[in-house]
Amino acid sequence: DSGVTQTPKHLITATGQRVTLRCSPRSGDLSVYWYQQSLDQGLQFLIHYYNGEERAKGNILERFSAQQFPDLHSELNLSSLELGDSALYFCASSVPAGATDTQYFGPGTRLTVL
Amino acid sequence: LAKTTQPISMDSYEGQEVNITCSHNNIATNDYITWYQQFPSQGPRFIIQGYKTKVTNEVASLFIPADRKSSTLSLPRVSLSDTAVYYCLVGVNNAGNMLTFGGGTRLMVKP
């Protein structure tokens with residue numbers, strides 16, 4: 001158990017709908033990262049928040065958005081869903097530790113768009 | 001960000017030592033090298049991290065030559081449960097800068 005929690009574990013929805021994925025980082029971690037992993041694909045970095053502020057954006061679609069709240073939990077919002085958005089969505093958290101950093105990943109949310 | 005190159009897949013047998021090499025020719029002076037392991041449908045898990053020479057922990061060893069343009073993850077006496085994807089990452093994650101996961105190496109351990 002990494003200490004990072006994600007809800008829900010599974011989500012099934014229809015095309016055109018909107019969903020919200022939630023991530024609670026490890027206690028004390030200031031950074032939250034979101035990744036998308038499609039079937040048999042590598043991890044695609046989506047977005048990174050540090051202490052409530054957006055730090056970096058990766059291959060995140062305009063239909064997707066995220067935010068990190070004052071209590072440091074984060075939500076990833078996916079709208080106008082398409083079949084191709086079906087994937088595992090992971091969040092990870094970390095705390096800066098000198099010049100190195102270790103990301104701790106949650107168990108993921110499996111999104112199925114029908 | 002330094003680009004990494006790893007073999008797409010490797011096969012091994014139980015009890016053997018497995019070495020997975022990662023190339024990172026444009027590694028920067030401040031960059032660290034980190035390896036993660038991912039089982040199917042699970043989030044990646046940190047294995048080991050190093051800057052130069054050799055690092056060893058209870059799970060693996062990491063060998064980094066003097067020029068730091070490559071690194072080798074060594075898994076001693078693998079078992080079936082070591083079947084997973086292994087990712088090599090290079091960069092500095094100070095104050096939350098991002099690291100990039102490449103395609104990883106899919107290790108299959110056979111009985």
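Within every chain, numbering begins at 1; the chains are lettered A, B, ... in the order of the sequence lines, protein sequences first and strands thereafter.
Residue A/Ser31 is tested with A/Arg55, A/His48, A/Gln103 for a side-chain contact (heavy atoms from CB on, under 4.5 Å); the sole match is A/His48.
Here salt bridge (charged side-chain N to carboxylate O under 4.0 Å, His left out) pairs that include residues 102-111 of chain B, with residues two or more places apart or in two chains, are B/Asp11-B/Lys110. Pairs engaging residues 49-59 of chain B under the salt bridge (charged side-chain N to carboxylate O under 4.0 Å, His left out) rule: none recorded [sequence neighbours left out].
B/Gln49 contributes no side-chain N or O that, together with a main-chain N or O of B/Thr34, makes up a donor-acceptor pair within less than 3.5 Å.
Atom CZ of A/Phe69 has more than 12 heavy atoms from other residues, nucleotides or ligands within 6.0 Å.
B/Val78 and B/Leu80 end up in the same hydrophobic cluster when Ile, Leu, Val, Met, Phe, Trp and Tyr side chains are linked at under 4.5 Å.
Residues B/Tyr32 and B/Val90 have side chains not in contact (no heavy-atom distance under 4.5 Å, counting atoms from C-beta outward). Side-chain contact between B/Trp35 and B/Ser71 is present, with at least one heavy-atom pair separated by less than 4.5 Å. Taking the side chain as every heavy atom from C-beta outward, B/Tyr86 and B/Leu75 approach each other to under 4.5 Å. With contacts defined as side-chain heavy-atom distances shorter than 4.5 Å, the pair A/Pro25/A/Ser74 does not qualify.
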Item checked: Worked check of side chain to side chain donor-acceptor pair (under 3.5 Å) between B/His24 and B/Ser70 -> CA-CA 5 Å; B/His24 29 80; B/Ser70 67; 5.9 Å; no

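For B/Tyr51, no part lies near chain A; criterion is any non-hydrogen pair under 4.5 Å. For chain B, no part of A/Gln44 is nearby; none of its heavy atoms comes within less than 4.5 Å.
For the options B/Pro40, B/Ser41, B/Gly103, B/Pro44, heavy-atom pairs under 4.5 Å to chain A are most numerous at B/Pro44.
Below 4.5 Å, heavy atoms of chain B meet heavy atoms from A/Leu88, A/Phe90, all part of residues 75-92 of chain A. For residues 104-114 of chain A, heavy-atom neighbours of chain B at less than 4.5 Å comprise A/Phe105, A/Gly106, A/Pro107, A/Arg110, sorted by residue number.
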